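Only a predicted model underlies this, so the values are computations on that prediction, with no experimental measurement involved. Quick note: numbers below take in every heavy atom, side chains included, and nothing from hydrogens, waters or symmetry partners.
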Amino acid sequence: MTKWLISHSSKGGVKWQLVDFNGKKGQESKGIVDLMAIRKDHRKPHNHGQRGDLFEIVLVQVKGGSAGFPSNADIRRLMDVKEHHQADKVVLAEWKKGTKLCLYVLPNMTDPVDATEIFGKLPKITRVKVNAAARLAAKKSDSPQALTPGQKAAATRKAKAETAKLKS
């Protein structure tokens, strides 16, 4: 859930890339950081360089199921790692089946933060699919035959226009 949220969030069209720290067989590896989210920072740098030279880095620890929150010693470790790598934030992601994903910007573990404040907005998810709309138009057609290429193209254009309206 956490990976999906981060990878589908963006700010100004700049997508987050995820670095996953798994062991040899796909299990969790040692270390305090579970994920790293990184993307190019397209703001003008304060000192030297040009737009896109710098990165935004968010370190993520994921807790799920019955796992408890990190201890004070764990939080100190996470903050030390943040300092060492000059990351922008350390985020605790807590998700339990059947509940909403909660994000906390450490060291604060009492006030959940909306994902848009950390990672930017999520795209609107529309359920209209262009090919599905074309198939629907074929079913509604008076003719028992399949759509002609011209009819299919017209149905596809119409579905794309409807999708564009939904996105705006």
Side-chain angles (χ1 to χ4, degrees), residues 1-132 159-160 163-168:
M1 185 65 117
T2 304
K3 289 179 186 179
W4 182 92
L5 177 91
I6 296 169
S7 64
H8 286 82
S9 299
S10 67
K11 185 164 52 175
V14 182
K15 298 281 184 195
W16 288 97
Q17 304 298 313
L18 291 174
V19 179
D20 201 349
F21 302 106
N22 287 334
K24 290 180 183 178
K25 296 179 183 175
Q27 80 283 10
E28 283 188 28
S29 66
K30 291 184 179 182
I32 195 82
V33 176
D34 296 322
L35 294 169
M36 180 176 70
I38 185 169
R39 68 178 172 186
K40 285 192 170 198
D41 184 346
H42 287 271
R43 293 175 293 185
K44 181 135 176 77
H46 297 295
N47 46 15
H48 305 292
Q50 295 182 8
R51 294 180 200 277
D53 286 352
L54 303 179
F55 297 105
E56 289 180 76
I57 300 172
V58 177
L59 306 176
V60 182
Q61 185 178 65
V62 180
K63 294 290 185 182
S66 61
F69 273 18
S71 66
N72 288 335
D74 291 337
I75 293 172
R76 278 193 298 279
R77 282 177 61 201
L78 283 162
M79 300 315 283
D80 287 346
V81 172
K82 174 189 176 218
E83 185 78 24
H84 177 81
H85 293 290
Q86 298 179 3
D88 296 287
K89 293 179 178 87
V90 178
V91 172
L92 172 66
E94 178 197 31
W95 184 66
K96 294 180 171 99
K97 192 172 182 175
T99 64
K100 184 180 175 187
L101 175 69
C102 289
L103 301 175
Y104 302 88
V105 177
L106 297 181
N108 182 347
M109 291 189 301
T110 56
D111 302 316
V113 177
D114 192 76
T116 57
E117 292 180 35
I118 303 167
F119 300 109
K121 65 181 179 173
L122 283 168
K124 285 185 181 178
I125 299 172
T126 59
R127 298 190 183 270
V128 176
K129 300 284 185 193
V130 173
N131 291 338
K160 282 183 180 179
T163 302
K165 285 181 187 176
L166 286 173
K167 286 183 179 180
S168 61

Exercise. Salt bridge check: are Glu94 and Lys63 linked by an N-O gap of less than 4.0 Å?
Worked result: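 Lys63 and Glu94: not salt-bridged.
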
Exercise. Excluding sequence neighbours, so at least two apart, what forms side chain to side chain donor-acceptor pair (under 3.5 Å) with Asp114?
Worked result: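 Counting only residues at least two positions away or on another chain, Asp114 forms a side chain to side chain donor-acceptor pair (under 3.5 Å) with Thr116.
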
Exercise. Sequence neighbours excluded, which residues qualify as side chain to side chain donor-acceptor pair (under 3.5 Å) partners of Thr110?
Worked result: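 Expected list: Asn108.
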
Exercise. Would you call Ile32 and Gln61 a side-chain contact if the rule is heavy atoms closer than 4.5 Å?
Worked result: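 The answer is yes, as the side chains (C-beta and beyond) meet within the 4.5 Å cut-off.
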
Exercise. If you take all heavy atoms of Ile118 and Trp16, which pair is closest and at what distance?
Worked result: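 Smallest heavy-atom distance, with atoms named: O-CZ2, 4.0 Å.
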
Exercise. For Arg39 and Lys15, which heavy atoms make the closest approach, and how far apart are they?
Worked result: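 Taking every non-hydrogen atom into account, CB-O, 3.3 Å.
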
Exercise. How about Lys96: does its NZ atom have over 12 heavy atoms from other parts shown lying under 6.0 Å from it?
Worked result: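 It does: Lys96 NZ has more than 12 such atoms within range.
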
Measuring from [X]:[atom1] to [Y]:[atom2], what's the distance to the nearest 0.5 Å?
X      : Y      : atom1 : atom2 : value
Glu56  : Leu54  : CD    : CG    : 10.0 Å
Phe55  : Lys40  : CZ    : NZ    : 6.0 Å
Asp111 : Leu103 : CG    : CG    : 13.0 Å
Thr2   : Trp95  : OG1   : CH2   : 8.5 Å

Could you pull out all donor-acceptor pairs under 3.5 Å where a side-chain atom in residues 74-88 meets a protein atom, sequence neighbours excluded?
| unit_1 | atom_1 | unit_2 | atom_2 | d |
| --- | --- | --- | --- | --- |
| Asp74 | OD2 | Ser71 | N | 3.3 |
| Asp74 | OD2 | Ser71 | OG | 3.3 |
| Asp88 | OD2 | Ile57 | N | 2.7 |

Problem set entry | Listed partners of Phe69 passing ring pair (Phe, Tyr, Trp, His ring centres under 6.0 Å), at least two apart |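 Residues passing ring pair (Phe, Tyr, Trp, His ring centres under 6.0 Å) with Phe69: Tyr104.
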
For this session: Name all residues meeting the salt bridge (Lys or Arg N to Asp or Glu O under 4.0 Å) criterion together with Asp41; count only those two or more places apart in sequence or in a different chain, and write none if there are none.
Result: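 Result, salt bridge (Lys or Arg N to Asp or Glu O under 4.0 Å) vs Asp41: Arg43.
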
Distance-only check: which donor-acceptor pairs under 3.5 Å involve side-chain atoms of residues 17-26, not counting sequence neighbours?
| unit_1 | atom_1 | unit_2 | atom_2 | d |
| --- | --- | --- | --- | --- |
| Asp20 | OD2 | Lys3 | NZ | 2.3 |
| Asp20 | OD2 | Asn22 | ND2 | 3.4 |

